[in-house]
Structures are given as C-alpha cells and as structure tokens.
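Computed over heavy atoms, backbone and side chain alike; hydrogens, waters and symmetry mates excluded. Residue numbers start from 1 in every chain, and the chains themselves are labelled A, B, ... in the order their sequence lines are given, proteins ahead of strands.
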Amino acid sequence: MAYNHQEIEKKWQKYWQEHKTFKAENHSKKPKYYVLDMFPYPSGAGLHVGHPLGYIASDIYARYKRHQGFNVLHPMGYDAYGLPAEQYAIQTGTHPEVTTEKNIKRYRKQLDQIGFSFDWDREVRTSDPSYYKWTQWTFIQLFHSWYNRRTDKAEPIAGLVKQFETAGNSGVDAVCDETPVFTADEWNAMTENQQQDILMHYRLAYLSETMVNWCPALGTVLANDEVKEGLSERGGYPVERKLMKQWSLRITAYAQRLLDGLNTVDWPDSLKEMQRNWIGRSEGALLRFQLASPVKGLENYKGIEVFTTRPDTLFGATFMVLAPEHELVEKITSPEQKEQVEAYVQWAKNRSERERMTEVKKVTGEFTGAYALNPLNGKKIPIWIADYVLAGYGTGAIMAVPAHDSRDFSFARHFELPIIQVVNKAGEEPSDPETWDESYDAKEGVMINSGFLNGMDVKKAIRAAIDKLEETGIGTGKINFRLRDAIFSRQRYWGEPFPVYYKNGMPYTLPEDELPLKLPEVDKYLPTETGEPPLARAKNWKTKEGYPLETNTMPGFAGSSAYYLRYMDPHNEREYFSKEANQYWRNVDLYIGGDEHAAGHLIYSRFWNKFLYDLGLACEPEPFKKLINQGKIQGRSSFVYRVNMEKYAEHLLWERMKKMGRANDIIRGYKDGRRKFDFYNAERELIIEIKSRDKLEKLEPYYEAYIRKTNRRLIMIPIADIIENMDVTIDEITQALESTKKGVIFNRGKIRELKPLFVSKNLVDRNLYSTPLHVDINLVDNDELDIEAFKQWRPEFADAEFVLEDGKYICGYEVEKMSKSKHNVQNPDDLIEKYGADTLRLYEMFLGPIDQDKPWDTKGIEGVYRFLRKLWRLYFDEDKFIVNDKKATEPEFKVLHKTIKKLRDDIERFSFNTGVSAFMICVNELTDLKCHKREILEPLAVLLEPYAPHAAEEIWESLGHKGGVSKVDYPEFDEKYLKEDTFSYPVSFNGKMRFKIDLPVDMPKNEVEKTVLAAEEAQRWIEGKTIRKVIVVPKRIVNVVVG
RNA sequence: GCCCGGAUGGUGGAAUUGGUAGACACGUUGGACUUAAAAUCCAAUGGCCAUUGCGGCCGUGUGGGUUCAAGUCCCACUCCGGGUACCA
C-alpha cells in the first residue's frame, strides 16, 4: 500500500468531524488546558503559507496535551469586522456581511484541509449579533463604572452617585478628568444634564472632546496603535490631529496594573518590553511655577503646573516652555509678543503630524513676553512656547533645564537662553556650559549650584527635592504614564453599534434586555452629505421612544478584546459566559500569534479582562499565561532579467571592439558639451550612435546639422542590426572608419522587430544591461525557469527569447514580504494537494524555530514528503501491512526511547523543528535496523499524531485499533533502554579534539586519565612535550594540556 | 537618537547547563537500478593544503579578554531586522 495522502486525509477529516473528536467538555474531571490562536481577519485573498504557521504549532501542542490526559480547549473563530470588507462595500455596494461570509467559507475550507483539532462547535464571529451583544453589554458596564483609587478597582457608578448625594466629591479619589470640587448640596441642586456632565468625567467609557487621530482618506478616527509613523496602519494614509467629540475608554486607570501584570506572565521579553514602553511609566514630581507679575483674569491662578522626572535639577531651570495649545498661552502673552505668538500657534496647529515628526530636529518657538518665578530660588525666568512640548503629555508645560536635557539644550542654544550646570559628573571639574557641545543628560553625578541640594548625588537629590516641594506645598511626587485613553469611536459602518441613545444631547445606555442593538441597513456605506457617519443614513435609527441612537461604531479591538472568554461558553444566551465555565477554564494557558499586536490587541484585552475581573466575572487577572510570537514567513521572490536592448547592443558592440583590440582608439560614452554619444574615434573623427530604428530616423536631421557644424562624421546603427547581425555591423563600422566619406552614414537595412530578451542570472556583466523583474514563483523550480510556462504567463512574453547558461535559464532570488505584486505568494492549497496536509504541517515546523522570521522556500518540502513515505514503509510494503509481533531488540528499544525523550523535551520547549528532525533520525535508524515490530512502531504512531495526525490515525487503525489515536496515552520514556556501558570520550590536546576512545562509563577519573595517556594515539601529541594538566569530565570530555 | 532581537556551510537550520561545531534536511556531484523517466538506494559534500596513505592548517559578523576548553561568558565595534519617536 503506497502512501496515499489525499485519500487518508479526507477520510480522517471526515471521521473527526462526524465523531466530534475534538469537542471540549465544560464539565470534566480531567485537568484543563486552553490553547488559543489569535483569530484571523478573513481577508479576500485567503490563507497563504504564513498564516497557519502558528496554528500548526498550537495544534501540535493541543494534541500533545490530549495525549497527556488534559481536557483541551482549542477553539477558532473570526475577527470579522474590518476595513477591507467595508472599503469593498463602498466601491461595489456589496454588503460587508456578504463579503465576510464568503471569505469565512474559504478560510474554513482551507483550515479544514490542514487537519486542525479545533472544536468548531465553539466558533465565534465578532460580527454575529449573538456575539456582539456581549461586546455591547461590556460597553454598558464600562459606561456605568468608575475607577476608585482607594480600592484600586472599577466600581459601579451608582455608588459614586450616592457619595455625591451625601458628601459631594471631595472625598472621592478617582481616576477622572479634571473636575471642580462640589458639595452634596451643590450636587443635589444640579440639573440632570449637569449631573450627567459631571459623571462623564468619571465613567470608564466616556464621551469627550479630545484630540484624535483623524484619517481623512478612511473617513474615521484611529487609536494611537493604529497609527504608524503618522500614517494609518491600514492603507498608509496620512493622519492629522483634530479636536472631536469621541467615545474613549479610560484604560489609563489600569496603567499600573497593566505594567505590574507583565511580571506575572510568561511572554517573550521583547513583547513585554514593548508594552512597558507603550505604557511608559515615569516617576517624578508635579510642581507649580507662579507668574512673575499679575495677569488680568488670572488673579486666583494657582501657578503653571509642570511635570518633571528631574526635580533635582530645579535650580538649573532657566526658562519654561508651554505647548502651543496650552490654555494659558493666550492669557499671558504680552501685547508686544501677541502677533508673533498667535502666528506661531496658528502655524503649529496647521502642521500635519507627519511634518511634525519628520522635522523633529528643527528648533522652533516663540517668547510670550511673560515670566515665571523659580519656586525654589525665586529667580525670574522667561516663558516660551514651542511645539517640542506636547499638549497631550504631562501638563503640556515644562521647566527647561538646558544643561541636562538635550531638547532644552538645543532650544536654549538656538534662542540664546542661559544654561546653568547643576549636576556634575563625579570626579570631573564643573565647566562652563557655553563650551559644551551637548547637554549632560545622565542620571548620575553630584549636585552643584543648587542651594540645599549641593553635594548630594542625583538619586538622593531627587528625593530631597520632592520632600521639599511637598513640605512647602509647591508640588508633590507624581507618577506619569505615556499611555493614553483609547479612542473608541469609529465613523464607519462595519462595526458594533453603540448601545447608546441621546436625550437632551446627553448619552444614555440602552436597557440590557434590548441587546443586541443590531447593525441597521443603509443605502450607501459612506458618510452623509453633512459629514455624519454612515449609520446616520439608516432609517429609524432611534429608540422606541424616539431618541436618536449613536451613529459611531466601535473599533476593531472591541470584538477581539474578550473573545477568549466567550469561547468558554459560546452559546450562553443569558450571560457573557457562565461562572462555572470560567472557573473551570480560567484563562488561556498557551496563546500563539504575531507580535504586531503588542501595543494593540494584547494591551486592550488585558485591560478588558482586568475590568471584567473587577466586576467579578473573570476569575484570573491576566488573560494569557504563556504567549509565543510566531515569526513571519517571508516570501522568496524569483527574478528574471529583462534586457534593455540599447544597453545590451552597446555592451555587445563594445565587447566585440575590445576583442578586436580597438579599446584604445575608441572612446565609450563620449561627451561633447551637453551632447552624449555612444562611441567616438578621435583620429577619424567618427561618432558611432546606437538607437532603435525609430529614434534614429527621428534624430537624423539633428545629427546632420550637428555634423555639418562640427565637421565630424557619424554612423548610425539600429539596435537590431547589432544584436542580430553583428558581423555585418562590424564590417560597416570598419569601412566607415577607413573611408573619408563625410556626413552621416545610415544604412537602412531590413530590420525585424525586436523580441523581449531575457538573460540568465550568472552571465557575465548581466547587471550592466538588464533589469530584474519579479516572476511568478510557480514558474520556477529550484531557481530554473520553466520557459514554456513563462511564455504563456503574459501575452507580451509569448515570443520572448532567452540567453541561457548550461542550457538552463537560472533565476535570481531575494527574500522579501509575501505579496501578490511580488508574485511570491505561496498558497497552501496546491501544496496540500500535491504533498498532503501532514507534509505541510511537518514542513512548516521543520523550517526553523517557531518564533523566528524565515523565508519560505518550497525546495525543502520534498525532503519531508520523502520522510513520510519512508516512515510509511516501516508499516506497509507495496501491497500490505507488514507490522509483526516479534520481540523487539535492545537497539530497537533504544531508538524508540531516545525518540520519546527527545520529542517530549522538544515539544515542552516548543522546539518543533528539532522534533521533526528527531522523527527523521528515528525512521532512518529503524529502516537501517529493518524494524517492522509492533512493540516499536505502535508507540511511534502515537508520537507522530500531534505532527502528522492523518497518517498516524491511518496507521493506528491498521494496527487494529478502533476509536482513533488522538486521546491515547503518550508513550512513557524508560531510562533503562538508554543506559550505556561505555562512553566514547573525545580526547583533546590543548582544546583541539584529536581522537576518541571508548571507556566504561563508571571508570574513575584517574583511571580515565591513565588510560588516555597510555593510548597509542596519544603518543604523537605527547611526544617531546610536557604534560601540564589533564582535565577529565566524566561522560563528557578529556582535555590534555601539553606544552 | 533610544529600547529590543539577530549574525553559524551554497540554502533552512542543529549544538538544551562553557565540553566532539555544522545534527536533520535542501541543493550539488558521482554511482546503482531502468529501454527511458519517475520513484528508490549508495557515496561524497565548511574552506584551504596534501592526496600514495596517514593527515595538517583555518573556521560560528569584526577586534580584544576570561578559561584547561568559548558559537555559548565579558568588553568594544560593524552590519541586519523590529519597536518607538521631541513622553519632560
């Protein structure tokens, strides 16, 4: 029986589906294990070989865990909302749901073909109303919650209202927007709208006027993580800052817990580091600078608030800088400076984010004419505005310490502001900052010029400065975060509608029993004429009572933030998920996905989970215990080299002339003023010009004129003549050189049209006259081009010609991103048909470590396919099953148990590539031993199942078992089969391995030393030298030091 | 600029705790089988030198160091990839 992968794989995929083999039970005495993949956005292009890489790894692990007796939850679903389907809807009018459904079908088919052990009964789709009901539900909970700093968790807003009613807000310590203090009486006297307005400052989901990333091309706002280098992540369109009323989530309330939680999870360090940077915690002080002279309208102003991480350098603060958007700018600007300041503010406002980013080095700013007082020494310092100070970070104002901050330094230099050194590098003399090339930013040194701080080191001085600030009431110690609240509105159609309506302009949430609020039909997927989001087009988009519903929709991360929880209990209609299900499954044990989600999905879902944790719904504070980033599979592009005919003709002619020995009297690339000619012979004053015939005919009159003027001679040669009739051309040129005929020589011979010409990669000087062109990788095998297929690929290449090397056309290659336009996309369907899913699974794992990026190269897949067939031949010959019940020998047991140990260790450390190698070694060795024994081959089938489940099932059935192999116990490793009596010691001299010697494993060190030194092979290394030292590491190595 | 990761044959990679560098594959070359092809099998395959045999020297991005012993540890640097970008 030959290995027929197509038949086998179909058979077992059907079996698994019919028997619901991989269904996970919510009630089980077995321990649980939750293996999750980041669910995909089903794009129209379908899967390419890069997508399943992580799925295969997680599937192997899930299957392995089942063999270990775990109840494994391994679900799959779809992140179904997304821009591509909506952009397609805008272009074609097709409802995004239709497109999405179609794409999901395709994905499902492709996924099924690979033989994943997903429990498809638990599939979720973010765009399914029964799913997004709970996304909306969570939003309602966020809306009705606030963050209590005292208890350090989210609490119901109703409790807050009660406090306001009885005691006002002075005793409340919340993460909230700036809110004036009010008493209970004042609260109770407020109108409902006023109260709602106040509450909005506290809600975890809140509506506010904020600076947002507005992307005009997409017609929507974007969250910070959706903007990369000033462009939208999807599509790469420009993004600008804009003040808009938007929903936000108060994720900043969780900043510290998000940071702390990172220490409790087993994630790649780089990913944790990325999140730490994104959260951006900095410790410092918040302090106030008083204005030097009173300003009208600011009589009660408490002073300009500033955040600094270096309160120790306060004595070195020689000026202040406000962000152009700072509210104070308008008020403090002196009449003399008004014009310049207003102009600067206007200029800064109109600058795009991108301009701002690319012009980082440019120093700009303007003096306001106002002064502040240094709170420690009372010195008067000028207040400037500049856009290097960001309105969105800290307080939007800084104290500038030019001596110790590089940005302040360059600003001070540019505007000639004073620089005072206050930190001195230990062991160095203080120097005049005027002589400095750069600031001294280091966080170490001794304080100078700093009053009471003098002599302290930086660390101590920071503490002392904060203490002083707190003592005098000037400021307080403060921790600041870079993390911003997440903007949660999108002006798009294809997303979850907000369960929100407006009464008197104030937002209220729908009652929970009216969920889900379904996405309405619209006539077009575009904004309205007045610029409102697409949902404003929906008819009757209002509540039963007639209140208008919110027209924004939620962003992509809304639906993906807690899908792992819904998988635990996906069909629950009464609640998000049952307490029992959550108590059992708890959180994800292994999560596999790409690291592009570091600052987006993986932060949002941690936040979302923590909120549900505060609510008492989720029982674990972190959603993903262990996380692995699978590397990207890059494309391997193939290139053909298309000849540039003119360059090629020049090249050919020149080569020929060199051969004829004319390289000395003919100049190539001759220049006469601004004119350029291909070749020139000075002695005979002959110019040689090569061009296409068309061009030559057009240029003829100009050349005539030029020749007449300069009294030179010129021969014009059509490209085709050179390429197709070199000898004749050479004769012509020779004649022309010898003759004295004046004027232009142009022989209008019979000329064929030139066909596209391609040169093979390794031909000499190829790069001088050809340009690389991406060619479809399916037309290339082992870098050799299938010329006939290539001719049919594109009509314009139908009669192309080729310059070969060794009778072949060899293509070049390069590793780059897999994309349609580069013709390097490898789709798994073709490979599965040819080699089977088991081969694909093995090969993807065999490529290299799971977490590394690696190029896709189909070449190696043959080797893995060969391995599977070789394995098959241990069980079957041409026509029958050949496994026998003979007793296995010791060497056979040794092979098996070595493999069990290796595979188990490799799988535990997620080293799947070496696992595949272990199988190959095992099969090679068993083949050499001609082993067809059940005692060996039965356990081997179980070992194989996680990697190549179809083949394993078929083998298992042939071995006479019923009911499938997927839950059979993993083979036990037994040390006794690996015991060796002797060890083959590598013996090195001065660290270089010279020979090996077999010695008993239990031989004592001194015996080993004696035996080795006495060995025959040792003599030539010892001879004439002194033995200085002998190192014996039992069962490892012997090293003899001679000299 | 700052932070993180990486660099090993022609290619993908292995070497898990400092202990035989190049496992396992691909590719290449030669051979067997075959009318032929496919499939399969065998042999060689880091570089250089010597090949009559033994063999020898060099070699994990570069330069230095620690050690009996370094791909692995330390210092300095080069190049490549990713993140971030005036975050006070």
Side-chain angles (χ1 to χ4, degrees), chain A residues 2 228-230 268-278 280-282 284 306-310 313 321 356-363 386-390 392-401 404-408 410-411 480-484 595-596 598-599 632 634 636 782-783 813 843 846-849 851-864 866-867 869-870 873 902 905-906 908-909 911 913-921 924 927 984-996 1020 1028-1033 1035-1042:
Chain A
K228 296 260 138 89
E229 289 170 8
D269 288 336
S270 61
L271 192 85
K272 289 204 260 189
E273 204 50 39
M274 248 190 262
Q275 291 216 343
R276 286 192 190 106
N277 290 339
W278 192 257
R281 182 185 200 267
S282 52
V306 154
F307 175 73
T308 176
T309 55
R310 297 294 300 275
T313 61
V321 188
R356 204 177 143 140
M357 276 179 184
T358 45
E359 292 168 14
V360 159
K361 299 248 147 50
K362 222 163 127 187
V363 179
D387 75 345
Y388 84 87
V389 175
L390 303 177
Y393 184 77
T395 61
I398 61 153
M399 62 176 219
V401 184
H404 306 290
D405 180 284
S406 56
R407 296 151 305 178
D408 298 344
S410 50
F411 194 82
N480 215 7
F481 292 95
R482 196 186 83 113
L483 185 73
R484 303 282 70 143
D595 64 355
E596 65 271 21
K632 278 181 254 317
Q634 293 140 315
R636 186 184 189 276
N782 198 9
D783 289 339
Y813 74 88
Y843 185 57
F846 189 61
L847 277 177
D851 55 352
Q852 254 170 47
D853 288 358
K854 53 218 149 205
W856 177 262
D857 189 348
T858 320
K859 262 195 304 191
I861 201 167
E862 293 276 352
V864 171
R866 238 169 260 162
F867 151 74
R869 279 179 305 172
K870 192 165 178 181
R873 287 197 300 273
K902 175 78 178 148
D905 291 354
D906 283 350
E908 295 282 358
R909 64 190 178 100
S911 177
N913 55 327
T914 52
V916 178
S917 297
F919 277 123
M920 290 174 169
I921 293 167
N924 287 346
T927 303
S984 183
Y985 277 92
V987 179
S988 30
F989 290 81
N990 294 342
K992 283 202 170 93
M993 210 281 283
R994 294 303 179 182
F995 64 89
K996 285 191 197 173
R1020 52 181 293 220
R1028 308 219 181 261
K1029 203 173 182 183
V1030 179
I1031 290 112
V1032 177
V1033 185
K1035 290 182 77 177
R1036 270 273 152 84
I1037 199 168
V1038 178
N1039 189 17
V1040 184
V1041 187
V1042 294

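Taking atom CE of residue A/Met274 and atom P of nucleotide B/A85, one finds them 13 Å apart after rounding to whole Å. Atom-to-atom, OH of A/Tyr388 to P of B/A88 comes out at 13 Å; the value is rounded to the nearest Å. Between the P atom of B/C86 and the NE2 atom of A/His404 lies a distance of 23 Å, rounded to the nearest Å. When rounded to the nearest whole Å, the span between CZ of A/Arg484 and C1' of B/U84 equals 15 Å. Distance A/Asn277 CG to B/C3 P: 10 Å, rounded to the nearest Å. Spacing between atom CD of A/Glu273 and atom C1' of B/C2 amounts to 12 Å, rounded to whole angstrom units.
Heavy-atom distances to RNA chain B give each of A/Arg281 and A/Asp269 a nearest nucleotide, and the one nearer the 5′ end belongs to A/Asp269.
Residues passing the side-chain hydrogen bond (donor to acceptor under 3.5 Å, both in side chains) test with A/Gln852, sequence neighbours excluded: none. Here A/Asn924 pairs with A/Lys870 under the side-chain hydrogen bond (donor to acceptor under 3.5 Å, both in side chains) rule; sequence neighbours left out. The side-chain hydrogen bond (donor to acceptor under 3.5 Å, both in side chains) check on A/Asp857 picks up A/Arg636, with sequence neighbours excluded. Under the rule for a salt bridge (Lys or Arg N to Asp or Glu O under 4.0 Å), A/Arg994 has no partner lying at least two apart in sequence or in another chain. Judged as a ring pair (Phe, Tyr, Trp, His ring centres under 6.0 Å), and not counting sequence neighbours, A/Phe846 has no contacts. With sequence neighbours excluded, no residue satisfies ring pair (Phe, Tyr, Trp, His ring centres under 6.0 Å) with A/Phe307. With sequence neighbours excluded, the residues forming a ring pair (Phe, Tyr, Trp, His ring centres under 6.0 Å) with A/Tyr388 are A/Phe411, listed by chain and number. Partners of A/Tyr843 according to the ring pair (Phe, Tyr, Trp, His ring centres under 6.0 Å) rule, which considers only residues two or more places apart in sequence or in another chain, are A/Trp856. In this structure, A/Lys272 has no salt bridge (Lys or Arg N to Asp or Glu O under 4.0 Å) partners at least two apart in sequence or on a different chain.
Residue A/Arg276 is classed as having no contact, given no heavy-atom separation below 4.0 Å to the nucleic acid. Looking at heavy-atom distances under 4.0 Å, A/Arg873 makes contact with sugar-phosphate atoms alone, never a base.
In textbook terms, a nucleotide whose glycosidic angle is within 90° of 0 is syn, and B/G9 is one such case.
With B/C68, B/C3, B/C57 as the candidates, the nucleotide lying closest to the side chain of A/Arg994 is B/C57.
Nucleotides B/G55 and B/U60 have their C1' atoms positioned 24 Å apart, rounded to a whole Å.
Helical stems involving RNA chain B, defined as 3 or more consecutive Watson-Crick or G-U pairs under 3.5 Å, span B:1-7 with B:78-84, B:10-12 with B:24-26, B:27-32 with B:40-45, B:46-49 with B:55-58, B:61-65 with B:73-77.
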Write down the protein N/O and nucleotide N/O pairs, taken from nucleotides 65-67 of chain B, whose separation is under 3.5 Å; answer none if there are no such pairs.
none

Once base and sugar-phosphate atoms are separated, protein heavy atoms under 4.0 Å mark nucleotides 11-27 of chain B, 5' to 3', with B, S and - as -BSSSB--BB--BBSSS
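A/Asp387 and A/Lys362 are not joined by a salt bridge, as no carboxylate oxygen comes within less than 4.0 angstrom of a charged side-chain nitrogen.
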